[in-house]
Number of protein chains: 2
Amino acid sequence: MNLAPQPAFRALSDPTRREILVLLRDREMTIAQVAENFDMTRAAVKKHLTVLADGGLITTRAEGRERYNRLNPLGMAPVLDWLTVFDAFWDDRLASLKAAIEEETQ
Amino acid sequence: MNLAPQPAFRALSDPTRREILVLLRDREMTIAQVAENFDMTRAAVKKHLTVLADGGLITTRAEGRERYNRLNPLGMAPVLDWLTVFDAFWDDRLASLKAAIEEETQ
DNA sequence: TTCATACGATACCAAATGGTATCTCGTCAA
DNA sequence: TTGACGAGATACCATTTGGTATCGTATGAA
């Protein structure tokens with residue numbers, strides 16, 4: 001029984017949203033704090049945060065008039081799960097794939 | 001020096017394109033063969049294949065008047081590479097993430 | 001040669017997307 | 001109580017996206 005991966009893939013498809021995820025990796029942030037890091041309005045950032053929440057990649061916690069956005073590590077599960085569909089395929093070519101990833105990450 | 005992950009993430013964001021990748025997992029296929037599996041025109045399928053090629057997820061081989069599309073396992077590397085940005089974060093919560101993924105995949 | 005066919009290219013359309021502007025609603029502090 | 005301020009909601013706009021229709025091109029077979 002798989003969770004539908006579409007909302008998560010959709011959320012990850014925008015570079016601004018991926019940047020937001022990296023920001024939230026270190027600490028939870030309010031909308032205004034996230035918006036400080038981008039050259040766009042708070043409303044636009046809020047839309048991105050909504051898409052990320054729909055994708056299950058972040059959760060929100062209200063505190064007074066502020067809303068803290070926090071990374072949800074479990075949100076990546078459907079994405080990683082979908083990628084395992086190619087495990088068998090990769091097995092055949094695992095050496096070259098590993099090499100490529102190591103080249104990328106070094 | 002990372003490859004830009006945007007074209008690959010973009011390519012993965014559409015469910016039709018993800019389905020195409022699953023189809024190509026087993027064997028290379030011409031445009032017409034791919035199109036047989038969907039309720040849309042060959043032209044629409046061709047557009048999806050172009051996006052997948054731009055994302056580096058497939059490669060194309062011409063043979064006569066046919067064009068064979070083949071999965072490129074190395075194309076996933078930028079995606080997997082980007083996901084490793086969260087490795088440290090996941091380490092802290094690895095138990096719950098593992099549990100969630102296993103729940104997903106069982 | 002002639003013609004069917006597998007593609008590529010282009011023009012076009014409707015809907016989704018990313019953005020701004022603007023208004024309202026709660027909450028906190030003076 | 002009265003603002004100031006962080007956030008939500010909505011209307012609106014330009015661009016991108018996913019799709020069709022249609023045309024042209026090149027290959028393979030009769």
Side-chain angles (χ1 to χ4, degrees), chain A residues 4-24 27-72 75 79 82, chain B residues 4-24 27-72 75 79 82:
Chain A
Q6 177 56 19
F9 274 111
R10 208 277 240 191
L12 287 174
S13 71
D14 183 274
T16 299
R17 288 193 287 268
R18 290 198 305 277
E19 259 192 80
I20 291 176
L21 291 178
V22 173
L23 285 175
L24 295 180
R27 61 187 183 93
E28 61 179 6
M29 299 171 75
T30 65
I31 296 178
Q33 286 171 339
V34 173
E36 281 171 16
N37 294 274
F38 298 94
D39 186 25
M40 68 181 70
T41 64
R42 186 177 50 73
V45 169
K46 162 66 173 137
K47 281 193 183 181
H48 284 305
L49 289 170
T50 298
V51 174
L52 287 168
D54 288 347
L57 300 179
I58 65 170
T59 56
T60 297
R61 174 177 68 83
E63 186 178 314
R65 37 176 186 184
E66 295 176 335
R67 313 266 299 178
Y68 282 93
N69 300 275
R70 179 194 293 245
L71 192 65
N72 175 29
V79 173
W82 186 87
Chain B
Q6 178 55 20
F9 273 111
R10 207 274 236 199
L12 287 174
S13 70
D14 184 273
T16 299
R17 286 193 289 268
R18 290 199 304 276
E19 259 191 81
I20 291 175
L21 290 178
V22 173
L23 284 174
L24 295 180
R27 61 185 183 96
E28 60 179 6
M29 300 172 76
T30 66
I31 296 179
Q33 287 171 338
V34 173
E36 280 171 16
N37 294 273
F38 298 95
D39 185 25
M40 69 180 72
T41 63
R42 187 177 49 73
V45 170
K46 162 67 174 136
K47 281 194 181 181
H48 284 305
L49 289 170
T50 299
V51 174
L52 287 168
D54 288 346
L57 300 180
I58 65 170
T59 56
T60 296
R61 175 176 67 82
E63 187 178 314
R65 31 172 195 189
E66 296 177 334
R67 314 264 300 177
Y68 282 93
N69 300 275
R70 178 192 293 244
L71 192 64
N72 176 28
V79 173
W82 186 87

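These values consider heavy atoms only, across backbone and side chains, with no hydrogens, waters or symmetry-generated copies. In what follows, chains are A, B, ... by sequence order, proteins preceding strands, each numbered from 1.
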DNA chain C-proximal residues of residues 60-69 of chain A, any heavy atom under 4.0 Å: Gly64(A), Arg65(A)

Touch class at under 4.0 angstrom, heavy-atom based, for Ala32(A) against every strand present: sugar-phosphate

Whole angstrom value for the distance that separates P of dT20(C) from CZ of Phe38(A): 13 Å

Quiz item: Arg42(B) side-chain donor-acceptor pair to dA6(C) base, under 3.5 Å: no

Min side-chain heavy-atom separation Ile31(A)-Leu49(A) under 4.5 Å: yes

Spacing of OG1 belonging to Thr16(B) relative to CG belonging to Asn37(B), to within rounding of 0.5 Å: 11.5 Å

Short side-chain N/O contact from Arg10(A) to OP1 or OP2 of dA16(C), under 4.0 Å: no

Arg42(A) CZ to Thr30(A) OG1 distance, which is reported to the nearest 0.5 Å: 10.0 Å

Base dG19(C) to side chain Lys47(A), donor-acceptor N/O within 3.5 Å cut-off: yes

Short side-chain N/O contact from Thr41(B) to OP1 or OP2 of dT20(D), under 4.0 Å: yes

Min side-chain heavy-atom separation Ile58(B)-Leu24(B) under 4.5 Å: yes

Residue-phosphate contact under 4.0 Å: Thr16(B) side-chain N/O, dG18(D) OP1/OP2: no

Phosphate OP1/OP2 of dG19(C) contacted by His48(A) side-chain N/O (<4.0 Å): yes

Whole-Å gap separating P (dG18(C)) and CD (Gln6(B)): 10 Å

Any donor-acceptor pair under 3.5 Å from Arg17(B) side chain to Leu12(B) backbone: no

Main-chain N/O of Ser13(A) paired to Gln6(B) side chain as donor or acceptor, under 3.5 Å: yes

Inter-residue atom distance Leu52(B).CG - Arg18(B).CZ, 0.5 Å rounding: 11.0 Å

Side chain of Ile31(A) - closest among dG8(D), dA9(C), dT20(C): dG8(D)

Rounded distance in Å - CG (Asp14(B)) to P (dT16(D)): 18 Å

Candidate nucleotides dG18(C), dA9(D), dT20(D), ranked by approach to the side chain of Ala44(B) - the nearest: dT20(D)

Nearest-nucleotide 5' precedence on DNA chain C, Val45(A) against Thr30(B): Thr30(B)

